Each structure stands twice: as structure tokens, then as C-alpha cells.
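Read the structure below first, then the notes.
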Amino acid sequence: MKKRLQHLIQCALKQLGITSVEVVVELPEESFGDIATPVAMSLAKILKKPPRKIAEDIIKAIDEKDIFDRIEIAGPGFINFTFSRTYLYSELKNLIKEDSLFLREKIGKGKRVQVEFVSANPTGPLHLGHGRGAAVGAALSNLLGAGGYKVEREFYINDAGRQVRLLGMSVFAKYKQLHGMDYPFPDDGYRGDYIENLTREFENQYKDRFVKNEFDEAARIVIDFSYKKMLALIKKDLEDFHVYFDTWQSERELYEKGEVLKSISDLRERGCVYEREGATWFKSTDFGDDKDRVIIKGDGEYTYFAPDIAYHRKKVEGKFDELIDIWGADHHGYIPRIQAVIQALGYPGESLKVLLVQMVSLLRSGKPVLMSKRAGEFVTLREVMDEVGADTTKFIFLTRRPDSHLEFDLEVAKAQSAENPVFYVQYANARINSIFAHAREQGIDADKVKDTEPGLLSVPEELRIIKKLLTYPMVFEGAVISHEPHRITFYLQELAGMFHPYYQRYKVVTDDTDLTMARLALCEAIRIVLRDGFEILGLSAPERM
RNA sequence: GCGCCUGUAGCUCAGUUGGAUAGAGCAACUGCCUUCUAAGCAGUGGGUCAGGGGUUCGAAUCCCUUCAGGCGCGCCA
């Protein structure tokens, strides 16, 4: 629809001797028309003519006027187009016939993109902030996949370094204590019920095998046991949240394969690494960072940054055309140094797009829920899923821009779980489903909707819905380009908001067979679009509610 | 102190990357189940788009500035 109009206007402009102008097309307020362009206004400056006069000339030069009912100039120089019914019907038929092919603009053209998200430390269960990252990352990945990209969803596992070691130490201390020994708990150790459970599981498997050992002697086994259990827990949480990954990149593997060493010597050869005060530094200030960063500490240990250099080196040197990292906004200060690494390796800093997902502040009845990881007190994604529901939780995340600060009130969310907009949208799908079931009971061959002529659809509600359906590809395209899945969410709410009143007012299945078929066709089209949206957003599409 | 994000209806948030009279859900109030599912529908009220300047045909949107909130500025991760 959009492309067709752009093409028509482009041709008209060519006739007027104007080329190389981008034709902006937008959806106006309904009373003005179905689709509009402000192009005459933006040409006013260049042509030094009044915009309304330019608009007139454009309209005169447009071919194929028959797909429109009206073309009008309005306001300061908008051109508003209203489609003819014939055109709407034929497009509706195409939609039903082509299904998702009709809906999804193939913008990616097979380009390979990697989306890395969640990447939570395997030291405990996922919390709500991870949930937001998961919902957004999954939806964005699905969106890009639908938009013609080849998408790889990656989870980076921090299975080396201090945090998993600390996890192991925490479990080890608890294990010793379990055996009645007085053993110091690490200062920054992990606490909480899940550590107790983990310790019991560990004891269950190894009995008293390590009671006489110091931590270092058992380190590898305790650490591995613990983080693997935690990782399994995380995987289970994600699975129940209906979020899936294609690859799991291990940090430890980067060490073991020598990638960390290699990437440092690579940077060294490029003259971007130096020694000072016993430490090894990366000269990130050469690439716009505000200070240089330590890679290897004075005590010979790697910083967190070191494997990240290797990791992102692997990314940029990999097979991907585009790279997207989704991070919590609290890591935003980390962007310049990672992009410095990328530039130091000879790639443009924009090779990596970092999408920041803002903080989630958790409330209960308006009061902040204080979360202390240290004390092991935090509300997990699982608790919220259990309390509020997975679809509802996701929907709350997907009705907001990623960069908006989110207040998640458990009580409100729970209260809304009955009234949540997600059900409103899913209910539309369920209703359509039962309409079809009913139609079949009446002996109607509902499978024929694909060949039905929708010409009998004539009430205003029907035409409005058809027009709405036909704008989906535009909304979809905008969502893909801007990396904003939430646009789909809002669209679905609007579509459902048209369907429910229609349902209330008109019966689909009546004695009039032809009209019934036409209306079933409309329902089928709505269902196709709803399901497409659900699929992208990672929401379930219940057949009945 | 510096950097990033945010500020839109009582509350939670959209606003098609600069377009026309700023929208939705919740909350409040009034009605609607003998009908393909009432998780629904019809209706009412609700705004100094944080404040102030600027850019232009046109600003919630872009620039400057003030205020308010969040986050970040380690040889932590």
C-alpha cells in the first residue's frame, strides 16, 4: 500500500520534472483520508511555489486514479488519499491469500544479525530487569527475523572470573557449615534461599568428600557444579517465559581457546596496549573513551574487560552483517570502551549497536520493593511470572519503549492481570476462533474463505477494519527499521479495539450465506494479523479463553 | 562535578523520527447478557506535553538553558 502510493507520487513528480525527492507517506487522522503525504510542503521551499499549488500539480499528474475514491488537498498542503472499495477488497483478498508474506516487508534481505541479550551471570535466578531484557530481546529478534534478517540469538555466559568463583565460595562455606564446621562466609558472597538449596544439592552429590579440603582444592568442582545448576535454572526460567536462544557463548571457552590472549596481543600489535604501574592498559582514549582501561591487573589477574575484548572481537570478526547487544542501562558507561575496542580492531564503532533497556523499579502497592542481592533479597522473574503470568508480564514490558523507566507494581500488575490489555487482544483471537467453530457447526465450509469475494463488506466498521489491516505492513516496517517491537503491541490493541465493537454490533454467521462468507473472510484476515503480531511479540494465542 | 536516560490526563504509558483538533489502558460515574464467549460493548468527565528561550510554513518531537527523578563515572563485575 505504502510502496504503491510512493511509486505513484514518484512518477507524478517525475512528470513535473522533479526527481530524487524522498516521498514521505503517513497515516493521517481517519477523517482526513486513508493515507497522506506532506511532500508538497517540503517541496515548497525548493520550488518557491505555494504548497497547495504544488499539491494540485502532483494530483493532476497521478496515474491510476481508479484505486482512489478521493484525492484532496487539505490544511497547509497535505494530499489526502482515500482508497476505493474495489482496491480495499482486492488487497484484503491478497492478505488472506498471501498470509504473512503480505504483512512482512523484507527489509533485511537475508542480512545476518546477531542479537545478544539477557546474558545474566549464572550466579542466581533471573530478576525482573532480566525479564525486561528477555522480552525485548526476544521480540526484537523475532521482529528482525520476520523482517527478512537471518537472526542469531545469543546468550553470553559469564562462567569464568570472580562472580562464579564467589558463588562457589558461598556454596562451599555453606557446605562446610552444613557439616558443622566453622568456616568463614565470603564478604561479598551470595546469599538467599537458592544458595541453601544449591548447597544441599551439592552435599547430596558429594557427601563429605570435601569436608577436610580448603576451597582451592575443591574450587573447580564446587564452582562448576554451582554455576551449571544456576545456568540450568536460568534456562528453565527463560523457557517458561517462552524466550529461546540459538547460541550460548561461554566466557571460559574464550580463555581456553586462547582468544583472550590473542585479542590482547592483536591490540598490542596495533599499538593500543601499554604497561603502566605493573598493569596492562588498553588505550581506549585514542578512540573517544574518557580514560584508558586496565586489561590485566597488577596482580596478574584479568579484569572483566579482558574477556569482553575477546568476545566482541569474535563478534566483529564473525559472519554477521549487524550486531546488536541489549544491555541494562546501568551498563551504559561501558559502551565507549567496547566501541573503542571495535575501532582499535579496525572496524567502525557503529558495527555494534547497543540497545539500552532502562531500569525496572519494582513496587508493591506503590512502595518500592528493596532489593539487595547481597542479602539475597530480590524478586525473581519466576515469582513475578507465577504471580502475574508470563504473557501479562511480557505485555507490560512490550507496551513501553525500551528507554522508558519502568515502574512495575506487583499489586497493580496482579490486579490488572484480569484487566490486562493482553487479554483484550488475545480475546479477539479467541472470539474469532469460536466464530469459525460456530460457522462450521452451521454447516458452513469455512475453508473457502480464501476464495471468497469480500465485496459484501460494506458497513463502516468493516471498511475501517480492512483499512486498519492494510496498514499493518507499514507499522511492521517502522518497527523493524526503528528496532521497536512495542509498535506492534500498540497496533494489536488498536485492531482488537476495532474488532470487539464490530463483533458486538454485527453477527458474522447469519442466514445470508454470501454475507457470512465475506465476514468470515474479514475475520480470517484479522486472525492472520493478530497471530502474526503474537508470534513476533512471543505471546501465546489461546484459541479459547 | 561530568556523561547517559526520563519528565505527556489522578495513575501506568503511546505519540508513525518535524505534520493537521495531543491518544490508549487503568481508576471514577451511567447504561447493556434469551444472541458467534460480558476477559466484551455504548456513553460522560479529565491536559500550561516539567518551566523558559530559540530554529521554520509547522515543535510533545530538533537546539540551548533551568528544574526534578533514575542510572553510570574502579587495577568491581
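Quick caveat, the model's predicted, so the values are computed rather than measured. Below, read A as the first sequence line, B as the second, and so on, with proteins coming before strands; counting in each chain starts at 1.
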Selected nucleotide, minimal atom distance to A:Phe78 side chain, candidates B:rA14, B:rC41, B:rA20
B:rA20
Side chain A:Asp188 and base B:rA77 donor-acceptor under 3.5 Å:
no
Can you see if the side chain of A:Ser361 gets near the phosphate of B:rG70 - specifically, an N or O under 4.0 Å from OP1 or OP2?
no
Find which nucleotide of RNA chain B each of A:Gln493 and A:Gly278 is nearest to by heavy atoms, and output the residue with the more 5' nucleotide.
A:Gln493
B:rA27 versus B:rC63 - spacing of their P atoms, nearest Å
38 Å
Please identify each residue that fulfils salt bridge (Lys or Arg N to Asp or Glu O under 4.0 Å) with A:Glu494, with sequence neighbours left out.
A:Lys468
At less than 3.5 Å, do the side-chain atoms of A:His405 and the base atoms of B:rG7 form a donor-acceptor pair?
no
Under 4.0 angstrom between A:Arg401 side-chain N/O and B:rA14 OP1 or OP2:
yes
Return no unless some side-chain N or O of A:Lys297 is found under 4.0 Å from OP1 or OP2 of B:rG74.
no
Checking all strands, does A:Phe32 fall into the base, sugar-phosphate, or nothing category for heavy-atom contacts under 4.0 angstrom?
base
Considering only heavy side-chain atoms of A:Arg431, the closest of B:rG40, B:rU12, B:rA14 is B:rG40
Need one value for A:Asp308: base, sugar-phosphate or nothing, where a base atom within 4.0 Å counts as base even if backbone is also close, heavy atoms only.
nothing
Between A:Ser284 (side chain) and A:Ala340 (backbone), is there a donor-acceptor pair under 3.5 Å?
no
Is the phosphate of B:rG15 approached by A:His486 (side-chain N or O, under 4.0 Å from OP1 or OP2)?
yes
In 5'-to-3' order, the base (B), backbone-only (S) or no-contact (-) status of each nucleotide in nucleotides 56-62 of chain B, using a 4.0 angstrom heavy-atom cut-off, is -------
